[in-house]
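Just so it is clear, the structure is predicted and the values come from calculations on it, not from any experiment. All chains are named by letter (A, B, ...) in the order of the sequence lines, taking the proteins before the strands, and each is independently numbered beginning at 1.
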Amino acid sequence: MAQIVLFHYFPRNSILHDMDGRVKLICMILFSVVISLVQSIPSFIILTAGLILITLLAARLPFITLLKDMKYFSILILIILLVNSFVIPGRPIPGFPLPGVTIEGVMTGLMASWRLVLIIMVCAIMTGTTSLITLKNVVEWYLRPIPLVPETRIATMINLTFVFIPVIFDTVSEMLSAQKARCVEGRRNPLKRIMFIAFPLLVQTFRRTEELILAMEARCYSDDRTRAVFATTAKDWLILAFSVLFLAVILFYPF
Amino acid sequence: MSKPNMPIILETQNLTHVFPDGTVAIKDINLQIRTGEFVIVAGANGSGKTVLLRHLNGLIRPTKGKVLLEGEPISKNITAARKQIGLIFQDSDSQIVGQTVAEDVAFGPENLRLPPEEVDRRVKTYLEVVGLSKLAQQSPHVLSGGEKRKLAVAGVLAMQPKIIMFDEPFTGLDYPGVVQVLRQLVSLHQSGHTIILVTHELEKVLAHADRLIIIYQGKIVEDGNPQEIIGRSEQYGVRMPLGKDEGVDAMTWLK
């Protein structure tokens, strides 16, 4: 897990890095919606080319490295392709040895997989150019007007989840090493070995959580905190306008 | 070394805490701490040191008795009390809430609803004070043990407390780590902070203290000048530091 860089933040100096996170999130949602709606191959090609250009030029992200990480989604993509190929009714592929596979099914499967890859790309651009702190503040800002939603608490939870993940991974790795030192490999039953890790990990995590709650209380935590300040510039509005125009053309022009 | 002319800043009156299972953690603790004092609270494991410390910050409510900050019960305005009484926990990992060093320091000031510019100013100032400015954008997870404890100190200092309490600050630290934390402690005391330090590793720090308190089975059994008390510490489960023949002044890891 630690090796995956696909959704990591890359501190760079780029147009998208400097963008107001709130506007960037709107752009990301717009792109995702349009990706979900387009039907024609030319639209897909233009969108793909557009996203590659954005990744390389506007976000200055390491495209090849990100592309390599797509392999983690290969099984999911294959399942989508296979399921569609067999389930969607249509004309059989002439001379194809497997019965039940249809031309329409393969085409729908290919498009669905392509859609998934493009949405992953959009997410990677968003997370690659936005630090988690900004992302958390943006989520908090958008949740603020919704009644009965504790936006600060949700943002804190998102934040603490990301803080705790490396700590939990470290704990697991230390526990594994400690158990290896006591020849845990001698145990054949994998279920037992999982239990040897799961229970102490659970106890440790709860203990840490309790300590963290106390530490947060000691530092006067409450939902009423200093709020993040955002600044929208003309550049942000221009990018938004350009994105809307680009997506409108893709969506409505009869390619 | 003691400060009899200074006003009393923190006081406990008949402070008693009984756990739900009937275990008496502390019993009838009457304590007066003066402004600018450096107090060491020592005791064997399970003697009630940490419970006492958590009462002083209002993290646990007493079964009987009360804690007064500048003559006012802390229960009247617990947030105001916690702002004045900073507590640094034993396990640094469990008190880190930020994804970056700077964000962690900002946590306290943000809880106090300070304006964003003031939060930024304090983050910069106190990272500078503890010498972590260069690591401001690092993940706290990658810091060394000594650096993590310094980060915890910066997080508390950013709330500008008058009293700073340390719970076993030397646990798990190597020699350079202990020296780093000790330097910080001494410099905080010199800058006018009241310091309350819980430890049983007296040989590392006793030379800097104005007063030594020994807790045994939940009660204060010794309270006074370290020079006079240190000879009796072992009967309460606190090891007499090496170098006793050279006097209390030699009991420090700072040369």
Side-chain angles (χ1 to χ4, degrees), chain A residues 2 8-13 17 127 130-137 139-141 152-153 155-171 173-174 203-231, chain B residues 50 53-54 56-60 77-100 102-120 122-123 137-142 148 152 155-159 161 164-165 167:
Chain A
H8 275 209
Y9 172 62
F10 294 87
R12 300 274 152 92
N13 195 7
H17 282 82
T127 52
T130 320
S131 69
L132 280 166
I133 309 155
T134 315
L135 217 52
K136 178 203 86 175
N137 289 337
V139 170
E140 189 179 343
W141 192 88
T152 313
R153 218 171 301 166
T156 307
M157 284 195 292
I158 295 172
N159 189 35
L160 291 181
T161 308
F162 284 106
V163 170
F164 256 72
I165 287 171
V167 178
I168 290 173
F169 272 104
D170 268 9
T171 312
S173 139
E174 210 166 295
V203 172
Q204 179 90 303
T205 310
F206 275 116
R207 192 189 61 77
R208 279 228 165 101
T209 313
E210 214 176 297
E211 279 270 301
L212 181 75
I213 293 167
L214 283 176
M216 286 170 72
E217 249 189 272
R219 283 162 80 186
C220 307
Y221 177 78
S222 80
D223 284 352
D224 190 18
R225 319 181 62 233
T226 306
R227 288 171 169 179
V229 182
F230 293 98
Chain B
T50 299
L53 217 56
R54 290 184 179 184
L56 299 182
N57 187 266
L59 286 173
I60 336 179
N77 186 348
I78 205 85
T79 309
R82 284 179 186 153
K83 185 184 169 295
Q84 299 296 338
I85 312 165
L87 171 59
I88 291 147
F89 287 68
Q90 188 176 344
D91 180 6
S92 308
D93 269 316
S94 303
Q95 56 186 310
I96 291 169
V97 290
Q99 284 161 28
T100 63
E103 199 200 341
D104 194 70
V105 179
F107 179 76
E110 280 176 352
N111 290 337
L112 300 177
R113 292 227 65 189
L114 297 176
E117 313 81 57
E118 176 63 11
V119 174
D120 284 347
R122 287 197 187 187
V123 169
Q137 294 313 314
Q138 283 278 356
S139 161
H141 184 63
V142 301
K148 276 182 188 167
V156 166
L157 282 181
M159 297 172 77
I164 306 176
M165 307 193 291
D167 191 2

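- Atoms NE2 and CZ, from B/H141 and A/F164 in turn, are 12.0 Å apart once rounded to the nearest 0.5 Å.
- Annotation: A/R207, atom CZ; neighbour count of heavy atoms from other residues, nucleotides and ligands within 6.0 Å is above 12.
- Contact check for A/E217 versus B/I78: no side-chain heavy atoms found under the 4.5 Å cut-off.
- Among all heavy-atom pairs drawn from B/Q95 and A/A215, the shortest one is CB-CB, 3.4 Å.
- For B/P140, no part sits under 4.5 Å from any heavy atom of chain A, backbone or side chain.
- Rounded to the nearest 0.5 Å, atoms CD (B/Q137) and CD1 (A/I133) are 6.5 Å apart.
- Between B/Q90 and A/E211 there is no side-chain heavy-atom pair separated by less than 4.5 Å.
- Both the backbone and the side chain of B/V97 have a heavy atom closer than 4.5 Å to some heavy atom of chain A.
- Both the backbone and the side chain of B/Q99 come within contact range of chain A, judged by heavy atoms closer than 4.5 Å.
- Crowding of A/E174 atom CD: a count of heavy atoms from other residues, nucleotides or ligands under 6.0 Å not exceeding 12.
- In this structure, B/F89 has no ring pair (Phe, Tyr, Trp, His ring centres under 6.0 Å) partners at least two apart in sequence or on a different chain.
- In terms of non-hydrogen atom pairs under 4.5 Å with chain B, the most contact-rich of A/L160, A/V229, A/L132 is A/L132.
- Of the atoms belonging to A/D223, not a single heavy atom falls under 4.5 Å from chain B.
- Taking every heavy atom of both residues into account, A/C220 and B/K83 meet most closely at SG-N, 3.9 Å.
- Interface remark: A/L212 contributes backbone and side-chain atoms alike to the contact with chain B (heavy atom separation under 4.5 Å).
- Here the side chains of B/P109 and A/T226 are not in contact, with every heavy-atom distance at 4.5 Å or above.
- For A/V167, the parts lying near chain B are the backbone and the side chain together; criterion is any non-hydrogen pair under 4.5 Å.
- Among the candidates B/N57, B/L87, B/D104, the single residue satisfying the side chain to side chain contact (heavy atoms under 4.5 Å, CB included) test with A/R219 is B/D104.
- Tested against A/R225 for a side chain to side chain contact (heavy atoms under 4.5 Å, CB included), the candidates B/L112, B/N111, B/L114 yield a single pass: B/N111.
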